[in-house]
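A short write-up of the structure that comes next.
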Amino acid sequence: MEPMERRTPSRVAAGAAGVVAGGAGLGLAELLAGLIPGAPSPILAIGALLISLQPPGAKQFVVDLFDTADKAALSVAVLLGALVLAALLGLLERSRPGWGRAGFVALGALALFATVRDPLFDPLLGVVTGALATGLSVRLLPR
């Protein structure tokens with residue numbers, strides 16, 4: 001039996017694979033955050049990190065722009081940003097095998113940093129949730 005020929009996926013397929021892999025990992029982390037008290041929500045943790053890093057006046061601008069929906073708008077922006085990054089990592093994996101996976105690990109590390117600095121989340125649960133979510137994303141990204 002001859003070995004199967006490895007074909008490079010199209011750009012669209014690679015980007016979609018990145019979105020699926022990233023979305024599944026993020027979805028798992030959010031599911032665990034909803035089911036386990038103290039487990040971190042990466043979306044909320046990254047949102048809190050972004051709020052703490054913003055320049056003076058930016059928070060008031062966002063509140064003025066979105067009124068009472070400012071937290072929801074931030075959560076949607078974090079989610080969309082994560083999915084765009086996941087698509088880019090899928091494209092990166094297509095051209096440089098292993099780099100997309102390394103990118104997911106780096107994003108997982110960023111989310112872990114954001115969760116351990118937030119006193120609302122249990123650091124141990126942050127490590128476990130982050131490892132499971134990152135592992136799922138890395139595993140789902142096609143080689």
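The figures here come from the full heavy-atom set of this structure, side chains too, leaving out hydrogens, waters and symmetry mates.
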Using a 4.5 Å cut-off between side-chain heavy atoms of Ile, Leu, Val, Met, Phe, Trp and Tyr, which other residues end up in the same hydrophobic cluster as [X]?
| X | value |
| --- | --- |
| Val76 | Leu80 |
| Leu26 | Val19, Ile43, Ile46, Leu49, Leu50, Ile51, Leu53, Leu74, Val78, Leu79, Leu83, Leu110, Phe113 |
| Val116 | Leu112, Val127 |

To check you understand the geometry: which heavy-atom pair defines the closest contact between Ser10 and Ala13, and what is its length?
OG-N, 3.1 Å

If every non-hydrogen atom of Ala21 is compared with every non-hydrogen atom of Ser137, which pair is closest and at what distance?
O-OG, 2.9 Å

Measure the spacing between CD1 of Ile36 and OG1 of Thr129 and express it to the nearest 0.5 Å.
6.0 Å

Does Arg11 use its side chain to pair, donor to acceptor, with the backbone of Leu91 at less than 3.5 Å?
no

Quick one: which residue pairs count as a salt bridge (charged side-chain N to carboxylate O under 4.0 Å, His left out) with a foot in residues 100-123, not counting sequence neighbours?
Glu93-Arg101

Could you list the residues that satisfy side-chain hydrogen bond (donor to acceptor under 3.5 Å, both in side chains) with Asp64, not counting sequence neighbours?
Gln60

Contacts of Thr134 that satisfy side-chain hydrogen bond (donor to acceptor under 3.5 Å, both in side chains) - sequence neighbours left out
none

Tell me every residue that passes side chain to side chain contact (heavy atoms under 4.5 Å, CB included) with [X], counting only those two or more places apart in sequence or in another chain.
| X | value |
| --- | --- |
| Ala45 | Ala114, Thr115, Phe121 |
| Ala33 | Ser41 |
| Ala86 | Phe104 |
| Ala131 | none |

Would a hydrophobic clustering, with Ile, Leu, Val, Met, Phe, Trp and Tyr connected at side-chain separations under 4.5 Å, put [X] with [Y]?
| X | Y | answer |
| --- | --- | --- |
| Val128 | Leu31 | yes |
| Leu85 | Leu141 | yes |
| Leu89 | Leu140 | no |

Compare all side-chain heavy atoms of Pro42 with those of Glu30 and state whether any distance is below 4.5 angstrom.
yes

Can you list every pair that meets side chain to side chain donor-acceptor pair (under 3.5 Å) and has a residue in residues 18-29, with sequence neighbours left out?
none

